[in-house]
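Following: one structure in structure tokens, then a few remarks.
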Amino acid sequence: GKKTKSKDDDDDEGQDDESLGFAESVVKKLEKARRDCGRGRLSNVRRILNALLRQVNAQRGKHLTDEGYYLLRLNVIYLQENL
């Protein structure tokens with residue numbers, strides 16, 4: 001027989017898709033920052049890291065646990081301070 005989905009199933013899948021989208025966005029920003037850093041485009045790197053920090057702040061408690069939030073936030077700040 002055909003399996004039916006409950007409203008809760010749909011909500012869970014939506015959260016997984018959104019979480020995956022958030023993770024992919026973080027990875028893309030970090031990859032772009034790495035490329036720009038290698039090319040000496042430090043102003044671009046700073047802009048990307050600032051955008052990433054805003055995104056991380058916005059996702060705290062949504063797609064980021066407190067532990068994930070602090071880990072990402074502290075690492076982004078470390079990168080900013082060591083450019």
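Quick caveat: nothing in here was measured; it's all calculated off a predicted structure.
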From Leu30 CG over to Arg35 CZ, what is the distance, rounded to the nearest 0.5 angstrom? 11.0 Å
Same apolar cluster: Val76 and Val26, side chain cutoff 4.5 Å: yes
Does a side-chain heavy-atom distance below 4.5 Å link Tyr78 with Leu74? no
Nearest heavy atoms of Cys37 and Leu42, plus distance in Å: SG-CD2, 4.1 Å
Hydrophobic cluster membership, with links at side-chain heavy-atom distances under 4.5 Å among I/L/V/M/F/W/Y: are Val56 and Leu20 in one? no
Side chains of Gln80 and Ile77, heavy atoms from C-beta outward: is any pair under 4.5 Å? yes
Does one hydrophobic cluster hold both Leu71 and Tyr69, with members joined at side-chain heavy-atom distances below 4.5 Å? no
Should Lys32 and Lys28 count as side-chain neighbours, where that means a heavy-atom distance under 4.5 Å? no
Do Phe22 and Lys62 have side-chain heavy atoms sitting under 4.5 Å apart? no
When rounded to the nearest 0.5 angstrom, what is the spacing between OH in Tyr70 and CG in Leu64? 12.0 Å
Point-to-point distance, once rounded to the nearest 0.5 Å, from CG of Leu83 to CZ of Arg46: 5.0 Å
I'd like to know if Leu53 and Leu72 are part of one continuous hydrophobic network [Ile/Leu/Val/Met/Phe/Trp/Tyr, side-chain heavy atoms within less than 4.5 Å]. yes
Any Leu52 side-chain heavy atom under 4.5 Å of Gln55 side chain: yes
Give, for atom CZ of Arg41 and atom CD1 of Ile48, the distance between the pair rounded to the nearest 0.5 Å. 10.0 Å
